[in-house]
Protein chains: 2
Amino acid sequence: MPAPAVSLDELLDQLRQHGERVTVARRAVLEELLDAPGSHLAADALADRIHDRHPDIHLSTVYRTVEFLTHAGILTEVHVGHGPNSYHFAADSHHHAVCDTCGAEVEVPSDLFEPVTDRLRRDYGFAADPSHLTITGRCAACAAAAEPAAASS
Amino acid sequence: MPAPAVSLDELLDQLRQHGERVTVARRAVLEELLDAPGSHLAADALADRIHDRHPDIHLSTVYRTVEFLTHAGILTEVHVGHGPNSYHFAADSHHHAVCDTCGAEVEVPSDLFEPVTDRLRRDYGFAADPSHLTITGRCAACAAAAEPAAASS
DNA sequence: CTTGATGCAAATGGTTTGCATGTTT
DNA sequence: AAACATGCAAACCATTTGCATCAAG
């Protein structure tokens with residue numbers, strides 16, 4: 001289980017050192033993300049959690065904050081096939097495989113795409129950034145349920 | 001250059017054989033996709049092209065049509081990082097690497113993700129379907145422009 | 001005090017949907 | 001004629017933005 005690679009204080013210091021302001025919203029976003037299961041949340045879900053303690057923090061602020069933190073290199077924005085984007089710490093590099101059928105998420109190591117990025121660089125000079133990627137498909141359970149016939153003999 | 005793997009008539013027959021109706025919109029969508037550069041278009045662009053000959057075909061119909069054709073197994077829906085989804089023939093399997101900076105698209109062979117899908121299956125039992133994936137990053141030109149310093153020595 | 005972040009509401013872009021009508025079979 | 005696809009307008013969702021206000025430095 002990948003523990004958060006950094007602490008809240010470290011992150012806030014990192015901001016201050018770059019001359020960026022530490023605001024309630026920024027602290028709140030980082031806090032919630034730090035103790036989110038899997039450390040990744042969509043803006044919507046993030047706002048919901050933040051509202052428990054800071055009912056005044058607006059969803060648009062959450063959007064602006066994750067955008068800011070992403071540009072600051074602290075967060076990574078992940079594009080999930082359909083569904084909203086989600087955010088996790090850039091330091092905690094990993095990918096997700098999301099089941100189209102049941103929505104289950106499998107966390108996969110960050111080097112999964114190495115063969116892909118290597119080949120893209122070698123063959124096309126393309127510097128791929130797979131950090132935004134989410135793989136879709138069928139999880140083990142759903143795959144088994146979907147093709148019971150194919151499992152025989 | 002990957003020529004269309006199937007002809008319009010074959011596709012229409014395929015529909016008829018499954019008891020599905022052949023309509024003006026379906027024919028139009030298939031026609032435009034067949035002669036689109038790279039054989040992939042977003043719903044919006046698809047509608048624009050269709051409007052040249054069929055100004056009456058509504059954008060929502062295009063959406064319903066590509067959805068239908070996707071479920072019918074004829075098209076594949078591709079999720080591009082930001083930007084709208086695009087559609088291409090399922091038979092013409094390939095992926096795209098899209099440059100974050102200039103928007104250039106590199107077409108890459110369909111087996112690119114094989115190491116990824118293999119590993120997901122082996123390690124997680126996850127039946128990945130990479131056909132919807134688009135890789136983002138920097139194309140050769142933009143990567144070179146972005147890091148001139150790193151190229152020295 | 002100055003710059004920059006936030007709340008709110010309203011706009012945006014992509015996509016979906018309800019319903020009456022038109023088309024395919 | 002029956003079933004289904006379509007046009008249109010309106011709804012929807014995720015996200016962005018303008019602007020006046022507020023807070024961090």
Side-chain angles (χ1 to χ4, degrees), chain A residues 11-30 32 40-48 50-51 53-72 74-75 77-87 98 103 132 134, chain B residues 11-32 40-48 50-51 53-72 74-87 98 103 132 134:
Chain A
L11 291 167
L12 297 181
D13 280 349
Q14 184 178 335
L15 285 183
R16 279 187 272 255
Q17 282 166 25
H18 286 254
E20 301 291 359
R21 295 185 180 178
V22 171
T23 67
V24 180
R26 291 176 184 177
R27 195 195 316 266
V29 163
L30 292 173
E32 289 305 334
H40 69 288
L41 287 172
D44 204 18
L46 197 40
D48 279 354
I50 289 174
H51 284 161
R53 303 175 150 220
H54 309 275
D56 47 320
I57 292 185
H58 201 271
L59 176 58
S60 67
T61 299
V62 173
Y63 274 106
R64 281 191 274 231
T65 303
V66 293
E67 184 194 24
F68 165 81
L69 292 171
T70 299
H71 280 131
I74 292 176
L75 298 184
E77 182 185 57
V78 179
H79 304 300
V80 184
H82 290 142
N85 294 341
S86 67
Y87 301 86
V98 178
H132 307 298
T134 292
Chain B
L11 292 167
L12 297 181
D13 279 348
Q14 184 178 335
L15 286 183
R16 280 187 271 256
Q17 281 166 27
H18 286 254
E20 301 291 359
R21 295 185 180 181
V22 172
T23 68
V24 179
R26 290 177 186 176
R27 194 194 319 266
V29 164
L30 292 173
E31 278 175 357
E32 289 305 335
H40 68 289
L41 288 172
D44 205 17
L46 198 40
D48 279 354
I50 289 174
H51 285 163
R53 304 175 149 223
H54 309 275
D56 47 318
I57 292 186
H58 201 271
L59 176 57
S60 67
T61 299
V62 173
Y63 274 106
R64 281 192 273 231
T65 303
V66 291
E67 184 194 25
F68 165 80
L69 292 171
T70 298
H71 280 131
I74 290 176
L75 298 184
T76 297
E77 182 185 56
V78 179
H79 304 299
V80 184
H82 291 140
N85 294 340
S86 66
Y87 302 86
V98 177
H132 308 298
T134 291

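Naming: A, B, ... by sequence-line order, numbering from 1 per chain. Worth saying up front: this structure is predicted, and the values here are computed from it rather than measured.
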Between [X] and [Y], what is the shortest heavy-atom contact and its length?
| X | Y | answer |
| --- | --- | --- |
| B:Ala45 | B:Leu41 | CB-CD2, 4.1 Å |
| B:Leu15 | B:Ala72 | CD2-CB, 4.5 Å |
| A:Ala43 | A:Leu59 | O-CD1, 3.9 Å |

Any donor-acceptor N/O pair under 3.5 Å between C:dG7 base and A:Arg64 side chain: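 Check passes, donor-acceptor contact within cut-off.
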Under 3.5 Å donor-acceptor pair, B:Arg21 side-chain atoms to C:dG22 base atoms: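 Counting by modelled atom types and ignoring angles, no donor-acceptor contact under 3.5 Å is found here.
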Within this structure, what is the [atom1]-to-[atom2] distance between [X] and [N], rounded to whole angstrom?
| X | N | atom1 | atom2 | answer |
| --- | --- | --- | --- | --- |
| B:Leu59 | C:dT15 | CG | P | 9 Å |
| B:His79 | C:dG14 | NE2 | P | 16 Å |
| A:Leu15 | C:dA5 | CG | C1' | 13 Å |
| A:Glu20 | C:dG4 | CD | P | 9 Å |
| A:Arg16 | D:dA23 | CZ | C1' | 15 Å |
| A:Asp44 | D:dT16 | CG | C1' | 15 Å |
| B:Glu77 | C:dT15 | CD | C1' | 10 Å |
| B:Ile50 | D:dG7 | CD1 | P | 10 Å |

Between [X] and [N], is there a contact of a side-chain N or O with OP1 or OP2 at under 4.0 Å?
| X | N | answer |
| --- | --- | --- |
| B:Tyr63 | C:dT15 | yes |
| B:Thr65 | D:dA5 | no |
| B:Asn85 | C:dT15 | yes |

Closest-nucleotide 5' rank along DNA chain C - winner of B:Pro84 and B:Thr23: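 Nearest-nucleotide comparison on DNA chain C picks B:Pro84.
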Distance in Å, A:Glu32 CD paired with A:Arg53 CZ, rounded so as to fall on 0.5 Å steps: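 Output value for this atom pair is 7.0 Å.
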CZ-CG distance between B:Arg26 and B:Leu11, expressed to the nearest 0.5 angstrom: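 B:Arg26 CZ to B:Leu11 CG: 13.0 Å, rounded to 0.5 Å.
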Exam field: side chain A:His132 to backbone A:Glu77, donor-acceptor pair closer than 3.5 Å: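 Present.
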Estimated bend of the helix from C:dC1-D:dG25 to C:dT25-D:dA1 (axis per five terminal pairs, rounded to 10 degrees):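 Taking the rotation axis at each end, their angle is 30°.
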A:Ala43 vs B:His58, nearer the 5' end of DNA chain D by closest nucleotide: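 So the residue in question is B:His58.
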Sugar-phosphate only, base, or nothing, as touched by A:Ser60 at under 4.0 Å among non-hydrogen atoms: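 Here A:Ser60 touches the bases of the nucleic acid.
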Side chain to side chain contact (heavy atoms under 4.5 Å, CB included) evaluation trace for B:Thr134 with B:His79: CA-CA 6 Å; B:Thr134 291; B:His79 304 299; 6.0 Å; no
Closest nucleotide among C:dG7, C:dT24, D:dA14 to the A:Thr61 side chain: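 Comparing C:dG7, C:dT24, D:dA14 against the side chain of A:Thr61, the answer is C:dG7.
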B:Val24 side-chain proximity, nearest of D:dA5, C:dT24, D:dG7: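 Closest nucleotide to the B:Val24 side chain: C:dT24.
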Distance-only side-chain donor-acceptor flag, B:His54 / B:Glu31, under 3.5 Å: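 There is no such pair between these side chains.
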